[in-house]
J.: 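Here it is, the structure in full.
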Amino acid sequence: MKNGYIITLSGISGAGKSYFIKNITERFDNFEKLVAVTTRQQRKGEIEGKDKFFLDLEEFNKKNYNGEMCTVNNVFGNMYGYFKDDIKKTNKGICLITELYYKEINHFKKEHPNTISVYILPDDIFKTIEELKARNGVSIDI
């Protein structure tokens with residue numbers, strides 16, 4: 001049996017990462033979403049175990065200390081990682097796909113050389129930025 005690989009998707013909010021993951025995992029039986037583990041607060045509409053695994057810092061650190069985690073990073077003050085058992089699915093021919101903060105790609109690839117990284121750009125970056133500004137009430141200068 002051939003080993004699977006991991007695809008990491010990076011890009012600005014609204015670029016279509018979630019849409020891409022949903023379509024790939026629905027169309028291809030050998031693709032699964034690699035669900036990240038995080039200490040950040042669960043957002044409205046997110047589903048535990050489907051979107052992310054949400055742990056408090058103590059539980060996250062305990063699992064990491066016990067060797068259950070890999071690719072542990074601090075992103076914007078929150079811890080992120082993956083369960084080793086999920087990553088091991090590639091040994092059974094499963095391909096995994098996940099979103100990854102672009103600054104973490106090189107670190108991730110060092111741990112998981114069977115990784116393909118894709119940076120997604122929206123069709124109209126200016127329209128996407130305007131939508132983000134309206135949705136989040138933030139000022140973004142270009």
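Just so we're clear, the structure is a prediction, and the values are computed from it rather than from any experiment.
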J.: Sub-3.5 Å donor-acceptor pair from the side chain of Ser10 to the main-chain atoms of Leu100, do we have one?
T.: yes
J.: Is the number of heavy atoms from other residues, nucleotides or ligands within 6.0 Å of CG (Asp56) greater than 12?
T.: yes
J.: Roughly how far, to the nearest 0.5 Å, is the CD atom of Glu104 from the CD atom of Glu111?
T.: 10.5 Å
J.: Lys17 side chain to Gly11 main-chain N or O, any donor-acceptor pair under 3.5 Å?
T.: yes
J.: Determine the minimum heavy-atom distance between Ser117 and Lys109, stating which atoms define it.
T.: OG-CE, 3.0 Å
J.: Tell me, yes or no, whether the heavy-atom count around Phe28 atom CZ, taken from other residues, nucleotides or ligands under 6.0 Å, exceeds 12.
T.: no
J.: State, with a plain yes or no, whether a side-chain heavy atom of Asp86 is found less than 4.5 Å away from one of Leu96.
T.: no
J.: For the residue pair Ile21 and Glu99, what are the closest heavy atoms and their distance?
T.: CD1-CG, 3.8 Å
J.: What about Leu9 and Ile12, same hydrophobic cluster or not, with Ile/Leu/Val/Met/Phe/Trp/Tyr joined at side-chain heavy-atom distances under 4.5 Å?
T.: no
J.: Report yes if the side chains of Gln41 and Asn78 come closer than 4.5 Å at any heavy-atom pair, otherwise no.
T.: no
J.: May I ask whether Phe31 and Ile94 are part of the same hydrophobic cluster, defined by side-chain heavy atoms of I, L, V, M, F, W, Y residues being less than 4.5 angstrom apart, directly or through others?
T.: no
J.: For residues 70-94, which residue pairs qualify under ring-ring contact (aromatic ring centres under 6.0 Å, His included), counting only residues two or more places apart or in two chains?
T.: Phe53-Phe83, Phe76-Tyr101, Tyr82-Phe108
J.: Do the side chains of Phe20 and Val118 get nearer than 4.5 Å, heavy atoms only?
T.: no
J.: What are the two closest non-hydrogen atoms of Val35 and Gly49, and how far apart are they?
T.: CG2-O, 3.7 Å
J.: Checking side chain to side chain contact (heavy atoms under 4.5 Å, CB included) for the pair Lys33/Asp51: CA distance, chi angles, key distance, verdict?
T.: CA-CA 9 Å; Lys33 180 179 179 182; Asp51 296 304; 4.1 Å; yes
J.: Heavy-atom distance under 4.5 Å between the side chains of Phe54 and Thr38, does that happen here?
T.: yes
J.: Look at Glu58 together with Lys62 and state whether they make a salt bridge at an N to O cut-off of under 4.0 Å.
T.: no
J.: Would Ile120 end up clustered with Ile116 when hydrophobic side chains under 4.5 Å apart are linked, directly or stepwise?
T.: yes
J.: Side chains of Asn3 and Asn114: does their closest heavy-atom pair fall under 4.5 Å?
T.: no
J.: Would you say CG of Asp29 has more than 12 non-hydrogen atoms from neighbouring residues, nucleotides or ligands within 6.0 angstrom?
T.: no
J.: Are Tyr19 and Tyr119 grouped together when hydrophobic residues (ILVMFWY) are joined by side-chain heavy atoms under 4.5 angstrom apart?
T.: no
